[in-house]
Trainee: 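I'd like to ask you about the structure that follows.
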2 protein chains.
Amino acid sequence: MKIGELASATATKVETIRYYESIDLLAPPARSASNYRDYGGKHLNRLSFIRRARDLGFSLEAVRELLALSDNIGQSCEAVDLIASSHLAEVKRKIDDLTALRSELERVIGSCRHGTVGECKIIDTLAPRSAC
Amino acid sequence: MKIGELASATATKVETIRYYESIDLLAPPARSASNYRDYGGKHLNRLSFIRRARDLGFSLEAVRELLALSDNIGQSCEAVDLIASSHLAEVKRKIDDLTALRSELERVIGSCRHGTVGECKIIDTLAPRSAC
DNA sequence: CTACACCCTCTAGCAACTAGAGGGTCAAGC
DNA sequence: GCTTGACCCTCTAGTTGCTAGAGGGTGTAG
């Protein structure tokens, strides 16, 4: 399987696959006579795993740990749970931050009377002076 | 006013102030005899503006535009409104994305039975094989 | 035999800083 | 007068997760 085929099989860009190899996330595959990368089923599985984890928002470092853990089939999955839970906590925190931000932005934008910049409430919120 | 003073007055790091100068967001101040940056009230206002806009999540490019607009006091504030509204739309989109992500993560984590990695539902979700 | 799609390596770029190296300046305390 | 420590300076490289480009080689269809 050539890199382009692996790329379309996993909806990943060719450059991204090479990048994953360069950071040791994906093992270097065999090479053809013409030095083309030649991937097998293992690589496909591994890259699929990476893709799904990335789609769930895990960082590449987290993915790296999840991959390592997934290889120790007998071990407790506590560590897996921990990584996922702390990621979830982070996602929740971001949602909270963005929700607060949204309210603030809505308030600011809602106060705009569509006059001149000199009277603009939005600019007013940002600048430490002037009135609307 | 030295850079450290401006930094603590605006809760900005010294390096960040120098960075803003390097990308022409903040005008270069006068220099003292010993080549120290010497800031005035204008710089304080400008940096405060930048900080508030950044706190509202505006990109540096958006901040640059907002700053330019805020100087044209007579102009219509339509452009300001547009920048703010499109930022708000972006924030909303991010909240939606993260909320969907949160549900997915909660579902995945909730299915974990705290056994071994081989039985782990979390790993199972990521890997295209095995059972819990 | 010549297009053209594909592959290769290596490097630089994005946002928005942050951290470090390697140096100069200035006021206080001994 | 001299050292200590907190500042300041410039310049460069690192962070995350790719993406895009230069400058080349390969393989196949017409």
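Just so we're on the same page: letters track the sequence lines, and every chain starts at 1. A quick note: this is a predicted structure, and the numbers were derived from the prediction, not measured.
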Trainee: Return the CG to SG distance between B/Asn72 and B/Cys77, rounded to the nearest 0.5 Å.
Mentor: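 One gets 12.5 Å once the value is rounded to the nearest 0.5 Å.
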Trainee: For the helix from C/dC1-D/dG30 to C/dC30-D/dG1, how many degrees between its two end axes (five pairs per end), to the nearest 10°?
Mentor: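 End-to-end axis angle: 30°.
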Trainee: Are any of A/Lys2's side-chain N or O atoms less than 4.0 Å away from OP1 or OP2 of D/dT26?
Mentor: no
Trainee: C/dC7 C1' sits how many Å from A/Glu21 CD, rounded?
Mentor: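 Spelled out: CD on A/Glu21 to C1' on C/dC7 is 13 Å.
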Trainee: Does any N or O in the side chain of A/Ser8 come within less than 3.5 Å of the main-chain N or O of A/Glu5, such that one atom is a donor and the other an acceptor?
Mentor: yes
Trainee: May I ask you to test the A/Leu105-B/Phe58 pair for a side-chain heavy-atom distance under 4.5 Å?
Mentor: yes
Trainee: Please classify the nucleic acid contact of A/Arg18 as base, sugar-phosphate, or nothing, using heavy-atom distances under 4.0 Å.
Mentor: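 If one applies the 4.0 Å heavy-atom cut-off, A/Arg18 turns out to touch a base.
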Trainee: Taking only side-chain nitrogens and oxygens of A/Arg37, does any of them come within less than 4.0 Å of OP1 or OP2 of C/dC7?
Mentor: no
Trainee: Base, sugar-phosphate, or nothing for A/Ile23, non-hydrogen atoms under 4.0 angstrom?
Mentor: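 The answer is nothing, as A/Ile23 stays clear of every strand by at least 4.0 Å.
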Trainee: Can you tell me how far P of C/dA16 sits from CG of B/Leu26, to the nearest Å?
Mentor: 16 Å
Trainee: Report the distance from atom CD of B/Glu15 to atom C1' of D/dA13, rounded to the nearest whole Å.
Mentor: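 Between C1' of D/dA13 and CD of B/Glu15: 14 Å.
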Trainee: Closest to the A/Tyr20 side chain: D/dA20, D/dC18, C/dT9?
Mentor: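 So the nucleotide nearest the side chain must be D/dC18.
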Trainee: Given D/dG17, is OP1 or OP2 found less than 4.0 Å from the side-chain N or O atoms of A/Lys13?
Mentor: no
Trainee: Please pick, from D/dC8, D/dT10, D/dC18, the nucleotide with the shortest atom-to-atom distance to any side-chain atom of B/Arg31.
Mentor: D/dT10
Trainee: Under a 4.0 Å heavy-atom cut-off, which of residues 58-68 of chain A touch DNA chain D?
Mentor: A/Ser59, A/Leu60
Trainee: Using a strict cut-off of less than 4.0 Å between a Lys/Arg side-chain nitrogen and an Asp/Glu carboxylate oxygen, indicate whether B/Arg93 and B/Glu90 qualify as a salt bridge.
Mentor: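 Salt bridge between B/Arg93 and B/Glu90, a charged N being under 4.0 Å from a carboxylate O: yes.
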Trainee: Rounding to an integer number of Å, can you tell me how far A/Tyr39 OH sits from C/dC6 C1'?
Mentor: 14 Å
Trainee: Is a salt bridge present between A/Arg18 and A/Glu21, judged by a nitrogen-to-oxygen distance below 4.0 Å?
Mentor: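 Salt bridge: no.
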Trainee: So which nucleotide from C/dT9, D/dT19, C/dC26 ends up closest to the side chain of B/Ser34?
Mentor: C/dC26
Trainee: Quick one: B/Ile17 CD1 to C/dA19 P, roughly how many Å, whole number?
Mentor: 15 Å
Trainee: Is it true that A/Glu104 and A/Arg107 have a side-chain N and a carboxylate O under 4.0 angstrom from each other?
Mentor: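 Yes, this pair counts.
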Trainee: Does the pair B/Asp97/B/Lys92 count as a salt bridge with the N-to-O cut at 4.0 Å?
Mentor: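 B/Lys92 and B/Asp97: not salt-bridged.
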Trainee: Nearest whole angstrom, please: distance from the P of C/dA15 to the CG of B/Leu25.
Mentor: 13 Å
Trainee: Is A/Gln75 close to A/Leu69 at the side-chain level, that is, under 4.5 Å between some pair of heavy atoms?
Mentor: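 Yes - at least one pair of side-chain heavy atoms lies under 4.5 Å apart.
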Trainee: Find the distance B/Asp38:CG to D/dC9:C1' and express it as a whole number of Å.
Mentor: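 It is 15 Å, rounded to the nearest whole Å.
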Trainee: Is a donor-acceptor pair below 3.5 Å formed from side chain B/Tyr36 to base C/dG24, judging by atom type as modelled?
Mentor: yes
Trainee: Tell me whether A/Ser48 contacts the main-chain N or O of A/Leu44 through its side chain, where contact means a donor paired with an acceptor under 3.5 Å.
Mentor: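 At least one qualifying donor-acceptor pair exists.
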Trainee: Can any side-chain N or O of A/Asp38 pair as donor or acceptor with the backbone N or O of A/Met1 at less than 3.5 Å?
Mentor: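 Looks like yes, one N/O pair under 3.5 Å.
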Trainee: Atom OH of A/Tyr19 to atom C1' of C/dC10: distance rounded to whole Å?
Mentor: 16 Å
